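This report concerns only the one structure given below.
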Amino acid sequence: MFDSSDVQSVFSGNIAEEWEKKSRYINSLNGNDNMMIPTIKKYITSTSKILEVGCGTGKLLSQIDALTFGIELTGVEMSSDMLQQIDTLRFKNPVRLINDSVENFIDDNKYDIIVMKQVLHHIVSREQVLKKLAGYLNPNGVIIIMTPNDGYQKSILPFNPITDLLGRIDDSMIYEYIKDLPLQVVEIQHVNSLATFNSLYEYFMFLYVIGSLQKIFNYKGEYEYALKLITVFKNLFSKEETLSVDFNYSYITLKKK
């Protein structure tokens, strides 16, 4: 099993530096694979206090910042290499950055909206994290989650709700996580898109730059052997062969009871 320090080591160094270039391995993407901002717009007001867990290089934070004036933004990110890429001077609203994992960070503030984009599937103690975040919500506050669901890459890696290699989360798992928590499901949206890659090499490298290859190996050093194998056989894997991959996500809105 892995812990937050294993995940932190993966999303540092080269991965952090290349994070915003990861889409270069995708040849085409058909469909909408990002409904975060439309979902956030349903709940944001000019006085909202918003926390993003796993804010990475600040792309979503900056998009939220552009929505309205008067909000307060906080980003939590375990990778200092990613946080260093965020220029807070470019924000029009106050923004505060915390370099810590979601499991360990401590905050005195309460929030109206908590956002997790592509984070929950990287966490082992999902129920405990959701319980913790529920405690940081103001009355009527919401948690908005984007996560790969059981249809994500299903044609390549079959979904296993117990020991899924990619950490995918289906609807029933969400209800199980929150059954004893002061949270209720407001909405679950399923958004499906189809990505194409020009070769197996580009597909494998995409898995690496988004951390999925590392997750298959529980973020342990063994993934480096797989990466070396891919590199050694680059010419073979680079033979042009179109590969279509399902990118299916769930957008989950949880509200404090």
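Positions are given from 1 along the sequence. Please read these numbers as outputs of a predicted model, since none were measured by experiment.
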Next on the checklist: Between Asn149 and Gly151 (side chain of the first, backbone of the second, donor and acceptor by atom type, cut-off under 3.5 Å), is there such a pair?
Outcome noted: yes
Item to check | Tyr25 ring center within less than 6.0 Å of Tyr203 ring center | outcome: no
Next on the checklist: According to side chain to side chain donor-acceptor pair (under 3.5 Å), who are the partners of Asn160, at least two apart in sequence or on a separate chain?
Outcome noted: Thr163
Next on the checklist: Please tell me whether Met82 and Leu51 are part of a single hydrophobic cluster in this structure, the criterion being side-chain heavy atoms less than 4.5 Å apart.
Outcome noted: no
Checklist outcome for this item: So CD of Glu222 and CD1 of Ile216: to nearest 0.5 Å the spacing works out to 13.0 Å
Next on the checklist: Run Glu52 and Leu73 through side chain to side chain contact (heavy atoms under 4.5 Å, CB included) and show every step you take.
Outcome noted: CA-CA 8 Å; Glu52 183 182 5; Leu73 297 167; over 6 Å; no
Next on the checklist: I'd like to know whether Asp171 forms a side chain to side chain donor-acceptor pair (under 3.5 Å) with His190, so could you lay out the CA-CA distance, the side-chain angles of the two residues, the decisive distance to 0.1 Å, and finally the verdict.
Outcome noted: CA-CA 10 Å; Asp171 293 357; His190 297 138; 3.0 Å; yes
Checklist entry - Given Arg168 and Asp170, is the side chain to side chain contact (heavy atoms under 4.5 Å, CB included) satisfied, shown in steps? => result CA-CA 7 Å; Arg168 293 164 291 193; Asp170 68 10; over 6 Å; no
Item to check | Steps toward side chain to side chain contact (heavy atoms under 4.5 Å, CB included) verdict (Leu83, Cys55) | outcome: CA-CA 8 Å; Leu83 277 185; Cys55 64; 3.8 Å; yes
Item to check | Heavy-atom closest contact (Asn93 atom, Gly70 atom, distance) | outcome: OD1-N, 2.7 Å
Checklist entry - Any chance CD of Gln184 has more than 12 other-residue heavy atoms, nucleotides or ligands included, within less than 6.0 Å? => result yes
Item to check | Approximate separation, where rounding is to 0.5 Å, of Glu202 CD and Thr196 OG1 | outcome: 9.5 Å
Next on the checklist: To the closest 0.5 Å, what do you measure between OG (Ser28) and CG (Asn198)?
Outcome noted: 8.0 Å
Next on the checklist: Working note: Thr45 + Ser48, criterion side chain to side chain donor-acceptor pair (under 3.5 Å); need CA distance, chi angles, decisive distance, verdict.
Outcome noted: CA-CA 5 Å; Thr45 71; Ser48 292; 3.2 Å; yes
Next on the checklist: Using side-chain heavy atoms (C-beta onward) and a distance below 4.5 Å, is Phe206 in contact with Val245?
Outcome noted: no
Checklist entry - Do Val53 and Phe91 belong to the same hydrophobic cluster, where Ile, Leu, Val, Met, Phe, Trp and Tyr are linked whenever their side-chain heavy atoms lie under 4.5 Å apart, directly or via other members? => result no
Checklist entry - Between atom CG of Leu183 and atom NZ of Lys255, what is the distance when rounded to the nearest 0.5 Å? => result 12.0 Å
Checklist outcome for this item: Per side chain to side chain donor-acceptor pair (under 3.5 Å), Thr57 is matched among Gln85, Gln84, Glu20, Glu77 by Glu20
Checklist entry - Does the side chain of His121 reach to within under 4.5 Å of the side chain of Leu166, using non-hydrogen atoms? => result no
Checklist entry - Does a side-chain heavy-atom distance below 4.5 Å link Asp81 with Glu17? => result no
Checklist entry - Between Phe247 and Phe197, which heavy-atom pair has the shortest distance, and what is it? => result CZ-CZ, 4.1 Å
Checklist entry - Met173 and Pro161: which non-hydrogen atoms are nearest, and at how many Å? => result CE-O, 3.8 Å
Next on the checklist: Using every non-hydrogen atom in the two residues, find where Arg126 and Tyr177 come nearest and quote the distance to one decimal.
Outcome noted: NH1-OH, 2.7 Å
Item to check | Same apolar cluster (I L V M F W Y, side chains within < 4.5 Å links), Met146/Ile40 | outcome: yes
Checklist entry - Looking only at heavy atoms, which two atoms of Gly56 and Ile86 are closest? And how far apart? => result O-CD1, 3.6 Å
Let me check something: any side-chain donor-acceptor pairs from residues 226-238 under 3.5 Å, sequence neighbours excluded? List them with distances.
| unit_1 | atom_1 | unit_2 | atom_2 | d |
| --- | --- | --- | --- | --- |
| Thr231 | OG1 | Leu227 | O | 2.9 |
| Ser238 | OG | Lys234 | O | 2.6 |

Checklist entry - Under 6.0 Å from the NZ atom of Lys41, do we count more than 12 heavy atoms belonging to anything else shown? => result no
Item to check | side chain to side chain donor-acceptor pair (under 3.5 Å) against Asn104, all qualifying residues, sequence neighbours excluded | outcome: Ser101
Checklist entry - Between Asp246 and Asn192, does a side chain to side chain contact (heavy atoms under 4.5 Å, CB included) hold up when you go through it step by step? => result CA-CA 7 Å; Asp246 297 298; Asn192 306 329; over 6 Å; no
Next on the checklist: Measuring only between side-chain heavy atoms, which start at C-beta, is Leu254 closer than 4.5 Å to Val185?
Outcome noted: yes
Checklist entry - Is there side-chain contact between Arg96 and Asn109, with at least one heavy-atom pair below 4.5 Å? => result yes
Item to check | Which atom of Leu181 lies closest to which atom of Glu127, heavy atoms considered | outcome: CD1-O, 3.8 Å
Checklist entry - Can you tell me how far CD of Glu224 sits from CG of Leu213, rounded to the nearest 0.5 angstrom? => result 10.5 Å
Item to check | Qualifying residues under side chain to side chain donor-acceptor pair (under 3.5 Å), relative to Lys42, sequence neighbours excluded | outcome: Glu187
Next on the checklist: For Thr39, give me all partners under side chain to side chain donor-acceptor pair (under 3.5 Å), at least two apart in sequence or on another chain.
Outcome noted: Gln189
Please tabulate, one pair per line, all N/O donor-acceptor pairs under 3.5 Å involving side-chain atoms of residues 129-139, not counting sequence neighbours.
| unit_1 | atom_1 | unit_2 | atom_2 | d |
| --- | --- | --- | --- | --- |
| Lys132 | NZ | Val102 | O | 2.9 |
| Lys132 | NZ | Glu103 | O | 3.0 |
| Lys132 | NZ | Phe105 | O | 2.7 |
| Tyr136 | OH | Asp107 | N | 3.1 |
| Asn138 | ND2 | Asp112 | OD1 | 3.1 |

Checklist entry - Shared ILVMFWY cluster between Ile188 and Phe159, side chains joined below 4.5 angstrom? => result yes
Next on the checklist: Just so I know, are the side chains of Leu157 and Tyr152 near enough to count as touching, which here means a heavy-atom distance under 4.5 Å?
Outcome noted: no
Checklist entry - Hey, what's the ring geometry for Phe11 with His122, parallel, tilted or perpendicular (30° and 60° as the breaks)? => result perpendicular
Checklist entry - Are Met116 and Val95 joined in one hydrophobic group, where the rule is that I, L, V, M, F, W and Y side chains link up if heavy atoms are under 4.5 Å apart? => result no
Checklist entry - If you round to the nearest 0.5 Å, how far is CD1 of Ile169 from OG1 of Thr147? => result 3.5 Å
Item to check | Student check: side-chain heavy atoms of Met35 and Tyr249 closer than 4.5 Å | outcome: no
